[in-house]
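Working notes, beginning with the structure itself.
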Amino acid sequence: MIEYRSSFLKLFAERGYIAQISDPEALDKLALEGPITAYIGFDCTGPSLHVGHMMGIMMLRRLQQSGHKPIVLMGGGTTKVGDPSGKDEARQLLTDEVIASNMASIKQIFTNFLSFGDGPTDAVMVNNAEWLDTLHYIPFLRDYGRHFSVNRMLTFDSVKLRLDRDQPLSFLEFNYMILQAYDFAELAKTRGVRLQMGGSDQWGNIVNGIDLGRRVAGAELYGLTCPLLTTASGAKMGKTAAGAVWLNGDMLSTWDFWQYWRNTEDEDVGRFLRLFTDLPLEECARLEALEGADINEAKKVLATEVTALVHGRDAANEAQETARRTFEEGALAENLPTVEVSAPELAEQGIGVLHAFVTAGLVGSNGDARRQVKGGGLKVNDATVTDERAILRTGDLTPEGVIKLSLGKKRHVLLKPVG
RNA sequence: GGGGGAGUGUCCCGAGCGGCAAAGGGGGCGGACUGUAAAUCCGCUGGCUAUGCCUUCGUAGGUUCGAGUCCUACCUCCCCCA
């Protein structure tokens with residue numbers, strides 16, 4: 001391992017963000033000379049970023065922390081094309097409206113991680129639709145297309161994967177890497193960007209950009225990728241029963257987000273603390289070293305620190321306190337996710353248990369609920385449901401005026417009568 | 001342009017003599033064991049106003065008491081020949 005001299009690369013190396021660097025010595029030297037402007041691109045394929053994107057976001061944060069300038073590149077243009085990397089099949093084309101609305105909803109997240117502004121190390125957000133939408137095909141082919149060798153493009157993993165598997169790769173998607181390379185060259189020219197970062201699956205795309213930048217702009221550009229994030233048991237990060245672990249609060253509650261991190265596997269705790277929190281390395285090491293049940297303390301710290309970054313310190317503390325009351329005291333915590341039900345309905349005809357669990361969103365259908373009852377997975381006010389025809393009535397309200405529904409040991413929702 | 005093959009339970013992969021709500025995996029969920037972990041074991045994994053009804057096997061028709069299974073056309077993809 002190389003001994004880095006710049007605080008930037010030192011920090012990245014210590015915390016585990018480095019998988020590959022295009023020219024480590026030169027980049028290290030450049031970082032010592034003054035603020036580097038670096039960027040990461042984010043596609044707008046969904047209405048929120050999820051845990052899988054946090055590596056990228058954190059890299060930009062660390063970059064800024066070590067005195068450099070981060071650029072968040074929104075892929076308003078490239079999302080229209082679709083990145084074939086790591087996908088078996090072509091993604092369905094998204095309409096301009098969907099992309100625009102996704103982008104609007106994604107943007108807010110970054111303000112929690114980066115400080116934006118006009119200063120030399122302030123973060124900036126740009127949208128590649130600005131220059132991609134207005135490209136003229138023939139001039140583009142002549143100026144940039146000539147720098148790309150199809151022979152070489154065919155050797156890139158994103159392309160090879162499809163070809164090897166006899167999966168179709170449309171010409172549209174084939175262009176993605178060219179556009180991403182063009183982004184880099186464009187940003188180098190107009191904004192003095194020197195470095196593109198990304199996940200290790202982006203290495204090929206980044207290298208293309210470096211080459212292109214040298215040819216069309218004569219710029220010496222660099223690339224840095226982070227390891228692909230998986231859990232110790234090999235699962236991809238960010239998937240749970242309910243779907244992706246979204247960063248937007250309206251897509252996933254603070255409580256559920258906190259719970260996601262609280263349930264981290266033992267082997268991942270240290271790594272995640274270094275990657276996803278601002279805690280000093282010594283503290284990360286101390287927490288990581290805890291053994292047996294004690295490591296649960298480390299998981300709580302991890303959960304609260306990450307939640308604080310994404311949702312704010314207050315919300316994180318609240319989630320931790322709610323968890324403490326729910327799991328450690330077995331008490332009813334008022335800040336669990338709450339679903340409102342009609343008070344008159346509850347008082348008069350009552351609400352069937354199955355329906356109640358569906359309403360609470362804990363199960364997908366009555367049939368699903370029925371199965372869970374059979375497996376002993378549903379609880380009302382901590383009592384296992386045994387009769388699927390049971391009716392919830394006003395009498396089932398706890399002194400706090402709610403009914404606590406649980407799926408398994410970990411997922412809880414409060415029903416609150418209103419009206 | 002000619003010839004051959006494929007598309008299965010809306011998470012994925014994948015069996016499927018004309019009686020099929022459809023084998024088996026993986027993943028996921030629940031239970032047991034634990035520490036709200038991992039590993040392991042067990043159960044579940046179309047919908048409903050439910051001893052029945054409805055919707056599912058690329059799309060649309062047809063044959064049949066009955067079709068994922070047979071026929072026709074179409075769509076998409078792969079392979080071989082030109």
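None of the values given here were measured: they were computed from a predicted structure. Computed over heavy atoms, backbone and side chain alike; hydrogens, waters and symmetry mates excluded.
Between Leu302(A) atom CG and rG35(B) atom C1' the separation is 16 Å, expressed in whole Å. When rounded to the nearest whole Å, the span between CZ of Arg411(A) and C1' of rC29(B) equals 9 Å. Atom-to-atom, CD of Glu291(A) to P of rA37(B) comes out at 18 Å; the value is rounded to the nearest Å. One atom, NZ of Lys379(A), and another, P of rC29(B), lie 16 Å apart when rounded to the nearest Å. Put simply, CD on Gln349(A) is 15 Å from P on rU49(B), counting in whole angstrom units. Following rounding to the nearest Å, Leu354(A) (CG) and rG47(B) (C1') show an atom-to-atom distance of 14 Å. Separating the CG atom of Leu407(A) from the P atom of rC44(B) is a distance of 17 Å, rounded to the nearest angstrom. Separating the CD atom of Glu328(A) from the P atom of rG35(B) is a distance of 13 Å, rounded to the nearest angstrom.
Straight-line distance between the P atoms of rU59(B) and rC53(B): roughly 25 Å, to the nearest whole Å. The same atom, P, is picked in rC65(B) and in rG43(B); the two are 42 Å apart, to the nearest Å. The same atom, P, is picked in rC11(B) and in rA82(B); the two are 44 Å apart, to the nearest Å. Remark: the separation of the P atoms in rC78(B) and rC29(B) is 36 Å, to the nearest Å. With both ends at atom C1', the span from rG14(B) to rC57(B) equals 13 Å, rounded to whole Å. Comparing the same atom, C1', in rG61(B) and in rU49(B) gives a spacing of 34 Å after rounding to whole Å.
No salt bridge links Lys379(A) with Asp382(A); every basic N to acidic carboxylate O contact stays at or beyond 4.0 Å. With respect to Arg62(A) and Asp278(A), a salt bridge is recorded, a charged nitrogen being found less than 4.0 Å from a carboxylate O. Looking at Lys416(A) and Glu334(A), no side-chain N of the basic residue comes within less than 4.0 Å of a carboxylate O on the acidic one, giving no salt bridge. Between Lys374(A) and Glu388(A) no salt bridge is recorded (no basic side-chain N to carboxylate O distance below 4.0 Å).
Each of Trp258(A) and Gly408(A) was matched to the nucleotide of RNA chain B holding its nearest heavy atom; the match closer to the 5' end belongs to Gly408(A). Comparing Gly292(A) and Gly364(A), the nucleotide of RNA chain B nearest to each residue sits closer to the 5' end for Gly292(A).
A side-chain N or O of Asn296(A) and one of Arg262(A) form a donor-acceptor pair less than 3.5 Å apart. A side-chain N or O of Asp256(A) and one of Ser253(A) form a donor-acceptor pair less than 3.5 Å apart.
The partner of rC41(B), taking Watson-Crick or G-U wobble pairs whose two distances both stay under 3.5 Å, is rG31(B). Base-pair partner of rU64(B): not found among the strands shown (Watson-Crick or G-U wobble, both distances under 3.5 Å). Across all strands shown, rG1(B) pairs with rC81(B); the Watson-Crick or G-U wobble distances both stay below 3.5 Å. The partner of rA73(B) is rU59(B), judged by Watson-Crick or G-U wobble contacts that both fall below 3.5 Å. rU49(B) makes up no base pair with any nucleotide shown, lacking Watson-Crick or G-U wobble contacts both under 3.5 Å.
Ranking rG47(B), rU49(B), rG35(B) by closeness to the Arg370(A) side chain, first place goes to rU49(B). For Gln259(A), the listed nucleotide lying nearest its side chain is rU36(B); candidates were rU36(B), rC29(B), rC48(B). Comparing rA37(B), rC48(B), rA32(B) by their nearest atom to the side chain of Lys409(A) picks out rA32(B). The side chain of Lys299(A) sits closest to rA37(B) out of rA37(B), rU36(B), rG30(B). For Ile295(A), the listed nucleotide lying nearest its side chain is rG35(B); candidates were rG47(B), rG35(B), rA38(B). Closest approach to the Arg371(A) side chain among rG35(B), rC44(B), rU36(B) is made by rC44(B) (side chain taken as heavy atoms from C-beta onward).
Side-chain N/O atoms of Asn366(A) include one lying less than 4.0 angstrom from OP1 or OP2 on rU49(B). A close approach under 4.0 Å does not occur between any side-chain nitrogen or oxygen of Ser365(A) and OP1 or OP2 of rG46(B). Residue Thr264(A) has no polar side-chain atom (N or O) positioned under 4.0 Å from OP1 or OP2 of rA37(B).
Side-chain to base pairing of Asp266(A) with rG35(B): one donor and one acceptor N or O lie within less than 3.5 Å of each other.
For Val150(A), the side chain to side chain contact (heavy atoms under 4.5 Å, CB included) partners are Leu154(A), Phe174(A), not counting sequence neighbours.
As judged by a 4.0 angstrom heavy-atom cut-off over every strand, Asp294(A) is placed among residues making no nucleic acid contact.
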